[in-house]
Amino acid sequence: METLSQHHCFGGVQGFYRHSAHSIGLPMKFGVFVPPQAAHGPVPVLFYLAGLTCTEETFAIKAGAQRLAAELGLMIVTPDTSPRGTGIDAADAAWDFGHGAGFYLDATQAPWAGHFRMETWVTQELRQLVLAQFPARADRVGLFGHSMGGHGALTLALRHPGQYQSVSAFAPIAAPSQCPWGEKAFTGYLGEDRSGWAAHDATELIKAGHKAPPLLVDQGLADQFLAAELHPHLLEAACAEAGQPLTLRRHAGYDHGYYFIASFIDDHLRHHARTLLA
Ligand SMILES: N[C@@H](CCC(=O)N[C@@H](CSC=O)C(=O)NCC(=O)O)C(=O)O
C-alpha cells in the first residue's frame, strides 16, 4: 500500500492511498479518515460508496463528514468508483458507464469482466486491506453511499449478510433494473439476459427475501434524477411487503448533489454510530 497524501483533520488524519488490487488487476485508490480515538485502539469503520463520475476524494472533500466522525470515533473509507486505466475504449465513452461507473458489481461480460470487479474489491480485498493496515474493528463495519453508491450500499449489504452491521443511503438507484442508468450498466456488465439482474437490484433482492440491518434512506424531492432514475417508492413498497425495516425520508427542495449530502450527513453518521458504538 502506497500513501499518496495525509492531512491532519479535526484531530484525526484524512489520507489517500493506492494499492495493487489483485481482484481488479490494476492499482486502485481509496481514502481513509482515521479519527483521533484510533490512537487508543481499533474503532468502528464505515465504507462510503460514491456515485457516478466521483473518485475516492469526492466525499472526503465535499460531504463535511470528518468533524462528527472525529467526535464519534468513526473511521471512514472511500473507495474509488471503478477501475481506472483499463485500456477499454468504451470505458471513456459516457459518464454513466465504464470509468467512474463501476456499479459495485463483478462484470460477467467482455470486455469488462477482466477488471470491473468492484464487488469483490470492496467486500473482500479492500475490506481485508483496511482491517489489516488501519486500526479498524472487524466486528463493527457499516456501509453507506450515494446514488450509484447508494445502490451499491443496499445491494452489497443484502448480498453479504452479516458483513455490515449498519447501512444507509442518500438518493440511491433503488430499482436499477427499471431505470436507464441501471439498464445500461446491467446490459453492459451483466448481459442482455435480465434474469441475472435481480441479484444486483436492491428492490428485487428484498422482494426475494434478502434482509439487511434497518435502513436509513434520504431523498431530496428536487432531485433532478428522482423521477427517471431513482424510484425510492419501489424500494419502499418492497420493504413494506417483506418486513424489511426502512426509514425513508423525503426532503422538499433538496437536489441530488453534495449540498444535500452535507445537510444530512450527521444523521447518517449517528444512525451508524447507534449500532456500531453500542
Ligand atoms: N454528468 C454530470 C453529473 C454527474 C453526477 O451528478 N454525479 C453524481 C452522482 S449521480 C449517481 O450516481 C455525483 O455525485 N457527482 C459528484 C458531485 O460532486 O456532485 C457530471 O459529469 O458532473
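Residues take their numbers from the sequence shown, with the count starting at 1. Numbering of ligands and ligand atoms starts at 1, following listing order.
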Please determine which of L277, L216, L68 meets the side chain to side chain contact (heavy atoms under 4.5 Å, CB included) test together with R270.
-> L68
In terms of atom number and element, which parts of ligand 1 are under 4.0 angstrom from non-hydrogen atoms of W181?
-> 10 (S), 11 (C)
Could you tell me which atoms of ligand 1, counted from 1 in the order shown, lie closer than 4.0 angstrom to a heavy atom of C54?
-> 13 (C), 14 (O), 15 (N), 16 (C)
Considering the heavy atoms of T53, write down every atom of ligand 1 situated less than 4.0 Å from one of them.
-> 4 (C), 7 (N), 15 (N), 21 (O)
Hey, are the side chains of M1 and F30 touching, using non-hydrogen atoms and a 4.5 Å cut-off?
-> yes
Considering only heavy atoms of Y258, which atoms of ligand 1 have at least one such atom less than 4.0 Å away?
-> 14 (O), 17 (C), 18 (O), 19 (O)
Lys/Arg-Asp/Glu bridge criterion (N-O < 4.0 Å) met for K29, E2 | no
Run the numbers for me: atoms of ligand 1, each under 4.0 Å from some heavy atom of M148, listed by number.
-> 11 (C), 12 (O)
Here the atoms of ligand 1 under 4.0 Å from any heavy atom belonging to H256 are 10 (S), 11 (C)
Minimum-distance protein heavy atom relative to atom 7 (N) of ligand 1 | L52 O, 2.9 Å
Should we count CZ of R67 as having more than 12 external heavy atoms under 6.0 Å?
-> no
Looking only at protein heavy atoms, what sits closest to atom 3 (C) of ligand 1 is W95 CZ3, 4.0 Å
Note: ligand 1 atoms sitting under 4.0 Å from heavy atoms of F225 are 6 (O)
Check whether any side-chain N or O of R194 sits under 3.5 Å from a backbone N or O of S177 as a donor-acceptor pair, and report yes or no.
-> yes
Atom 17 (C) of ligand 1: closest protein heavy atom, distance to 0.1 Å, is K62 NZ, 3.6 Å
Protein heavy atom at shortest distance from atom 11 (C) of ligand 1 = S147 OG, 2.2 Å
Using the ring of each side chain (for Trp, its six-membered ring), is F170 parallel, tilted or perpendicular to F144, with breaks at 30° and 60°?
-> tilted
Kindly give the heavy-atom pair with the smallest separation between T275 and S166, and that separation in Å.
-> CB-CB, 4.1 Å
Parallel, tilted or perpendicular, as decided by the 30° and 60° cut-offs, for the rings of F116 and H99 = parallel
